[in-house]
Amino acid sequence: MNESNQVIKVDSTTMKKIADYYGNYRLDKVVPYTNFVARIGMTTITAYNSGKVMFQGVDAEREAALWEGTPSKPKTKKSNGGKSATTLPANFSQLSVLGSDEVGNGSYFGPVTVCAAYVDKTMVAKLKALGVKDSKELTDPQIVTLSAVIKETIPYKLLIVEPEKYNQIQPKYNAVHMKVALHNQAIFLLLKELAPEKPEAILIDQFTPEANYRKYVKSEQHQVQEKLYFVTKGEQYHMAVAAASIISRAAFLEELDKESIELGFKVPSGAGANADKLAARVLEKGGIELLGKFAKLHFANTEKAKKIASRS
């Protein structure tokens, strides 16, 4: 797997938001000169008193990108030709856009869900009136309810990779490559359904640099390469990504509920201490084979769960 280190400098307001965001993923460890240390999936976040935040691991780029820049100013970056280019065209929020987003990559239990959603320019105002916005600003019950309405309103394609399937794929694909493959497949399938209608743009909620995405997508059978745009916090730029995010999140929550029913106890999202304890119970109940049906085994939680189970 490709790991990387990313360091960003933030102000006190952003630092508080970061601390709140990763609150459920904090580690029980004291490191000198730090505010906190957290771990989500395969990425460790270390927040220093100086205002610097270091992200280390497979999804370091994605996590760091969540906190860099401001939503009102899309970043300027180098295109493949090396020339500087603005990420999004003017009036982007009013275009007919296909957007994609994923949920579950940083959660030990549950699937990875990826959704591509198409919002024609004539539907933007309607979705806004329905209350479609950044899923982080909605409660889980609101997300589940709103997702059902969105799915009746616009075209979408949802892919769900259950843990058992994820564990089969993961040794061959690193975390970023897997997400590229899933986003590309969801977009391709939705474009196929929309034909002959075509979106004016395709916006991917950015989880890796554009060059990296395009490198991985070249290995896919059905490559979507045209009209692609990449920006972090994509739901703030177009309703299509916001809708895709809500559908993905709802599907993830519904799958967690199914796991809870099947196991007989509440399955948590995230990758914190609660996940370790539950994984230990699952190991005691049915060993690694059973755990592999519900959790992403390459996470560090698996080894922690084995230690807990061995002490009981």
Side-chain angles (χ1 to χ4, degrees), residues 1-71 73-78 87 101-108 112 114 134-136 170 173-180 182-183 204-213 215-216 230-236 241 245 248-249 269-273 275-276 296 298-304:
M1 286 174 284
N2 296 327
E3 298 197 3
S4 65
N5 285 8
Q6 300 287 321
V7 178
I8 62 173
K9 175 86 173 176
V10 299
D11 58 26
S12 58
T13 303
T14 305
M15 181 64 84
K16 186 178 185 308
K17 290 180 180 177
I18 293 174
D20 291 343
Y21 184 82
Y22 295 111
N24 293 333
Y25 305 97
R26 291 197 183 195
L27 301 179
D28 256 346
K29 62 191 292 187
V30 179
V31 179
Y33 310 111
T34 66
N35 185 331
F36 69 87
V37 179
R39 186 167 178 82
I40 180 168
M42 300 288 285
T43 301
T44 300
I45 300 96
T46 307
Y48 292 92
N49 297 334
S50 64
K52 289 183 178 179
V53 185
M54 180 166 64
F55 301 81
Q56 299 170 286
V58 174
D59 278 334
E61 291 174 353
R62 167 68 183 265
E63 293 298 325
L66 292 174
W67 310 104
E68 290 184 297
T70 58
K73 295 181 181 178
K75 292 181 184 178
T76 296
K77 60 186 180 181
K78 300 291 183 181
T87 305
D101 198 5
E102 93 283 335
V103 173
N105 186 67
S107 179
Y108 181 56
V112 172
V114 177
D134 185 351
S135 62
K136 297 183 186 68
Q170 187 273 323
Y173 280 55
N174 66 44
V176 174
H177 191 173
M178 190 186 300
K179 286 191 286 187
V180 170
L182 291 170
H183 277 263
I204 295 172
D205 194 38
Q206 188 168 12
F207 54 86
T208 191
E210 179 178 346
N212 215 28
Y213 182 98
K215 177 186 76 174
Y216 283 126
F230 302 83
V231 66
T232 57
K233 303 180 185 177
E235 64 278 355
Q236 298 183 21
V241 177
S245 176
S248 295
R249 176 70 181 168
S269 63
D276 299 339
K296 304 174 183 77
H298 70 104
F299 277 41
N301 303 78
T302 302
E303 294 306 314
K304 293 178 185 177

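Treat the numbers as computed from the prediction; the structure is a model and nothing was measured.
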Practice prompt. Would you name the heavy atoms of Gly106 and Ala271 that are closest together and state the gap between them?
Written response: O-CB, 3.8 Å
Worksheet item: Taking C-beta and beyond as the side chain, do Glu63 and Gln6 meet within less than 4.5 Å on heavy atoms?
Response: no
Fill in: Flag, side chain of Asp205 to backbone of Thr232, donor-acceptor distance under 3.5 Å
no
Worksheet item: Quick one: NZ on Lys179 to CG on Asn105, what's the gap to the nearest 0.5 Å?
Response: 4.0 Å
Fill in: Inter-residue atom distance Arg26.CZ - Ile45.CD1, 0.5 Å rounding
11.0 Å
Worksheet item: So which heavy atom on Arg249 is nearest to which on Val103, and how close?
Response: N-CG2, 3.7 Å
Worksheet entry | Non-neighbouring partners of Tyr213 that pass ring pair (Phe, Tyr, Trp, His ring centres under 6.0 Å), sequence neighbours left out | Phe230
Practice prompt. Any chance you could lay out the side-chain contact (heavy atoms from CB on, under 4.5 Å) test for Val180 and Tyr173, step after step, and finish with the verdict?
Written response: CA-CA 10 Å; Val180 170; Tyr173 280 55; over 6 Å; no
Discussion item. Show the nearest heavy-atom pair for residues Ala275 and Asn301, with the distance to one decimal.
Written reply: CB-ND2, 3.9 Å
Worksheet item: Residues two or more places apart in sequence or in another chain: which of them pass ring pair (Phe, Tyr, Trp, His ring centres under 6.0 Å) with Phe299?
Response: Tyr108
Worksheet item: What pair of heavy atoms forms the shortest contact from Gly270 to Tyr25, and how long is it?
Response: CA-CE2, 3.1 Å
Worksheet item: At their closest point, which heavy atom of Asn174 faces which heavy atom of Tyr216, and how far apart are they?
Response: ND2-OH, 2.9 Å
Worksheet, complete the sentence: Rounding to 0.5 Å, atoms OH (Tyr21) and CD1 (Ile40) come to a distance of 5.5 Å
Practice prompt. Please collect all salt bridge (Lys or Arg N to Asp or Glu O under 4.0 Å) contacts where either partner lies in residues 4-16, sequence neighbours excluded, each pair once.
Written response: Lys16-Asp20
Worksheet item: Are Val112 and Lys296 close enough, and set up right, to give a side-chain contact (heavy atoms from CB on, under 4.5 Å), and what steps lead you there?
Response: CA-CA 10 Å; Val112 172; Lys296 304 174 183 77; 3.7 Å; yes
Item to complete: Check whether any side-chain heavy atom of Leu182 lies under 4.5 Å from a side-chain heavy atom of Glu102, and answer yes or no.
Response: no
Item to complete: Look only at the side chain of Ser248 and the backbone of Asp101, and say whether a donor-acceptor pair between them is shorter than 3.5 Å.
Response: yes
Worksheet, complete the sentence: Taken to the nearest 0.5 Å, the spacing of Gln56 CD from Arg39 CZ works out to 9.5 Å
Worksheet entry | Spatial distance of atom CZ (Phe36) from atom CD1 (Ile18) [nearest 0.5 Å] | 6.5 Å
Discussion item. Just verifying a value: how many Å separate Asp276 CG and Thr302 OG1, rounded to the nearest 0.5 Å?
Written reply: 9.0 Å
Fill in: Lys304, NZ: over 12 other non-hydrogen atoms inside 6.0 angstrom
yes
